[in-house]
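Okay, so here's the structure we're looking at.
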Amino acid sequence: MNIHSIFIHIVELPTIRPHKLSMHTITKQTIVVAQINDTEGLTGWSEVATIGGASYGEATPEAIKVNCETYITPHLIGKNPQQFNLLMYEISKTVSGNYFARALIEGALIDLAAKQRNIPAYDLLGGKTHDSLPVAWTLASGDTGKDIEEAKELLLQKKHRIFKLKIGVGDAMENVEHVLKIKKEVGDGARLTVDVNQAWDETTANYAIARLQDGGVSMIEQPLPKWNFEGMSRLTERFSVPIMADEGANSIHEIFQIAKHRSGNSIALKVCKAGGLQATKTAAGIAEAAGLGLYGGTMIESSLGTAVGLHVYSTIPHLEFGTELFGPLLFKDTITANNIEYSNFEVVVPDGPGFGMIIDEEKLDHYKRS
Ligand SMILES: [Mg+2]
């Protein structure tokens with residue numbers, strides 16, 4: 001049952017429509033998949049995603065693969081995956097940073113460890129407190145009319161009633177008007193939040209957030225650059241609408257600083273940002289102790305990576321802002337034989353063994369970068 005071999009795959013999956021963010025428009029999403037085989041023939045799988053190569057964050061798919069293969073996986077051959085906690089601790093002593101790479105490997109170790117025991121991964125993380133979680137959809141077609149149509153259709157299908165708008169590209173005040181038009185059309189039947197992805201300076205934020213707050217928007221995500229913790233503190237103090245830190249809230253140490261200086265009153269959790277599932281739980285603990293609201297974030301992972309997120313988020317009792325685990329709905333195809341279920345405005349936590357996803361290896365081969 002010890003680790004026999006490890007493979008890291010870069011996979012590109014097409015999306016159903018262009019997905020416009022401040023730093024990049026996604027038409028095909030790049031994910032990195034880890035495969036850890038044991039000596040008995042069981043395989044642990046995990047996934048992390050990045051957005052637009054190096055444009056969203058420092059971790060690129062290519063760097064994740066090379067760093068996993070060069071610095072992380074050689075430590076693991078012949079080791080027992082049940083000791084994933086000890087193994088990841090040992091890796092942390094020789095591999096600094098590299099949160100995405102470490103999250104990817106820890107995920108595959110946990111999937112394998114859970115499969116060896118024939119239990120769901122969430123049972124290795126304390127057990128689930130939710131069977132399903134609220135799930136927001138991101139309206140990011142770039143066109144107000146299309147976004148309104150999309151929101152109304154999703155409300156009708158009972159898929160989503162929380163909508164996030166990506167408003168970091170272009171003129172800030174035009175974007176604010178775009179949001180307010182959509183809010184007017186969807187009315188009180190849905191909650192509208194915005195993600196600025198660091199695009200504003202503080203003066204623009206002061207002006208735009210005042211309009212958004214008056215217009216009934218429910219949350220403002222990362223309005224300022226990730227380094228501007230003091231500016232985020234001033235916005236949090238000034239406005240009553242919740243201010244969420246995402247790009248600025250990565251390691252548990254950053255989250256502690258945000259909690260201490262109130263550089264936001266809510267945090268977007270992401271397994272890859274924290275460096276793994278266990279670190280995500282630690283991050284949630286810091287936030288809970290400081291009274292910060294929590295959100296189960298996404299880097300737009302496919303079904304596998306979404307299952308990873310769901311397994312850890314399901315163990316966190318208070319997720320005041322629900323999740324945005326809509327990734328699988330944005331993809332034209334998947335690398336798993338089963339898929340994530342969405343029903344009654346929620347995303348369902350897949351039961352195990354492991355993360356509960358069955359890999360379709362033919363599809364994995366088809367979409368894999370050669
Ligand atoms: Mg965000």
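All ligand and atom numbering here is 1-based and tracks the order in the structure. Worth saying up front: this structure is predicted, and the values here are computed from it rather than measured.
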**Request:** Could you tell me whether Lys226 and Glu254 make a salt bridge, using a distance below 4.0 angstrom between a side-chain N and a carboxylate O?
**Result:** no
**Prompt:** So does Glu58 have more than 12 non-hydrogen atoms from other groups sitting under 6.0 Å from CD?
**Reply:** no
**Message:** For a distance under 2.8 Å, give residue and atom name for each protein N, O or S atom next to the Mg ion (ligand 1).
**Reply:** Asp195 OD2, Glu221 OE2, Asp246 OD2
**Asked** Does the pair Arg369/Glu62 count as a salt bridge with the N-to-O cut at 4.0 Å?
**Response** yes
**Request:** Decide yes or no for Ile162 and Pro134: does some side-chain heavy atom of the first lie under 4.5 Å from some side-chain heavy atom of the second?
**Result:** yes
**Request:** Identify, with sequence neighbours excluded, every residue that meets ring pair (Phe, Tyr, Trp, His ring centres under 6.0 Å) alongside Phe84.
**Result:** none
**Asked** Can we call the ring centroids of Trp137 and Phe163 under 6.0 Å apart?
**Response** no
